Amino acid sequence: MDKHIAVLLMAYGTPANLDEVESFYIHIRRGRKPTKEQLDELIGRYEAIGGCSPLIEITHQEAHLLEEALNKHNTGNVHFTVYIGMKHCAPFIEDAVSQFVKDGADAAVGIVLAPHFSSMSVGVYEREANEAALAQNFSDLSFVESWHLEPSLLDALEERLRHEMGKFSDAEKEHLKLVFSAHSLPRRILDQGDPYPEQLLETSRALALRIGFSDWQFAWQSAGRTEEPWLGPDILTVIDDLAEAGYTAVLDCPVGFVSDHLEVLYDLDIEAQKRAKVKQIHFERTASLNADPRLIDALKQSITAVCKEKGLL
Ligand SMILES: CC1=C(CCC(=O)O)c2cc3nc(cc4[nH]c(cc5[nH]c(cc1n2)c(C)c5CCC(=O)O)c(CCC(=O)O)c4C)C(CCC(=O)O)=C3C
Ligand SMILES: [Fe+2]
């Protein structure tokens with residue numbers, strides 16, 4: 001009999017349509033209903049990107065390609081099945097865990113479609129998966145904690161950066177700032193020595209070095225609308241400051257994200273682009289990795305490394 005390894009591929013989730021925005025938002029807020037203004041504002045953002053986000057469809061493509069890649073040329077009698085588990089919409093992480101337990105998986109490896117670890121992002125996915133596994137008496141669940149320096153990930157991002165750089169003239173490049181961005185988190189993560197900011201800088205440094213462009217900085221984006229302070233500087237403030245400092249071009253590389261979704265299609269393509277226009281800055285961003293074969297390879301390499309560590313391969 002083949003050994004059956006389940007891969008739990010986790011992503012944020014998205015509402016399937018505008019009618020589902022409210023329940024999605026309530027789930028993000030752990031059961032608290034948003035005010036009408038908050039809900040309308042979020043619906044407005046989804047409307048602005050065409051009604052819904054492509055995140056689910058892209059995640060399905062990634063899952064399919066990953067399963068194919070893992071089962072290609074694998075040694076011995078091991079078979080991989082990829083299960084999608086979303087944090088905030090169906091199929092939820094616990095649904096995926098129930099399914100692979102029901103399917104008789106011998107072991108499971110979890111990975112989040114976000115390369116950098118934070119206790120408030122990837123850590124929460126892991127906790128939810130562990131709780132679901134525990135509830136079903138499944139004990140062989142391991143995780144890829146972060147995969148932010150996987151060579152194939154850097155290859156894919158480097159190619160995106162080189163392509164986008166080509167859209168600026170040599171004259172523009174003299175006043176161009178390369179900005180790496182990622183989803184902000186509440187500033188209190190710093191008190192706990194969270195690795196998130198440093199891992200993001202590691203990816204950013206590696207990429208700037210690869211393309212030989214030293215005029216870069218980091219910015220946070222998509223901070224939540226809550227009372228507590230979030231990590232800054234925010235990308236919109238950075239655009240203002242760069243304009244003030246005489247920059248006329250910005251290339252943003254959202255290194256913290258993998259797929260096209262609201263935070264890229266709205267927060268960058270609409271909101272940041274609009275701010276840049278006001279400030280007369282030529283703003284571009286690198287294309288999302290989506291189902292890029294090098295992204296799939298990065299996921300495969302990090303999953304097989306954990307399998308080897310655990311003696312599964
Ligand atoms: C670290 C991180 C990532 C990256 C890592 C990962 O991918 O996990 C991420 C991704 C995403 N976040 C997304 C959307 C939203 N996030 C919200 C709110 C929040 N995000 C948070 C963190 C993160 N979020 C946090 C701490 C909150 C505050 C509430 C809470 O404590 O949980 C809200 C509520 C309203 C608002 O504040 O804007 C929305 C609509 C979508 C888009 C989905 C689509 O395309 O539909 C994606 C990929
Ligand atoms: Fe978010």
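Numbers here are sequence positions counted from 1. All heavy atoms count here, side chains included; hydrogens, waters and symmetry mates do not. Keep in mind that what you see is a predicted model, and the values were worked out from it rather than measured. Ligands are counted one by one from 1 in listed order, and the atoms in each one are counted from 1 as well.
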Do S53 and ligand 1 have an N or O pair less than 3.5 Å apart?
-> yes
Should we count NZ of K274 as having more than 12 external heavy atoms under 6.0 Å?
-> no
Using non-hydrogen atoms of the residue, decide whether R45 is closer than 4.0 angstrom to ligand 1.
-> yes
Note: heavy atom closest to atom 46 (O) of ligand 1, options Y46, Y12, Y25, Y125, belongs to Y46
Report the part of L185 in contact with ligand 1, treating N, CA, C, O as backbone and CB onward as side chain, heavy atoms under 4.0 Å; options are side chain, backbone, both, neither.
-> side chain
Per-atom contacts of ligand 1 with S121, taking only distances under 4.0 Å to non-hydrogen atoms | 1 (C)
Transitively linked via ILVMFWY side-chain contacts under 4.5 Å: Y83 with V258?
-> no
Just which atoms of ligand 1 are under 4.0 Å from any heavy atom in T14?
-> 44 (C), 45 (O), 46 (O)
May I ask you to say whether D297 pairs ionically with R294, meaning some side-chain N is under 4.0 Å from a carboxylate O?
-> no
If you measure every N/O of L262 against every N/O of ligand 1, is any gap under 3.5 Å?
-> yes
Under 4.0 Å, heavy atoms only, figure out whether ligand 1 is touched by the backbone of H183, its side chain, both or neither.
-> side chain
May I ask you to check whether over 12 heavy atoms, not counting those of E164, lie within 6.0 Å of atom CD?
-> yes
Ion pair present between R162 and E158, side-chain N to carboxylate O less than 4.0 angstrom?
-> yes
salt_bridge(E22, K33) N-O dist < 4.0 Å | yes
Heteroatom count (protein N, O or S) under 2.8 Å of the Fe ion (ligand 2) = 1
In terms of hydrophobic clustering (I, L, V, M, F, W, Y; side-chain heavy atoms under 4.5 Å; direct or indirect links), are V7 and F100 co-clustered?
-> no
Could you establish whether W230 and ligand 1 come within less than 4.0 Å of each other, counting only heavy atoms on the residue side?
-> yes
Before signing off on this row, confirm whether H88 and ligand 1 have an N or O atom pair separated by under 3.5 Å.
-> no
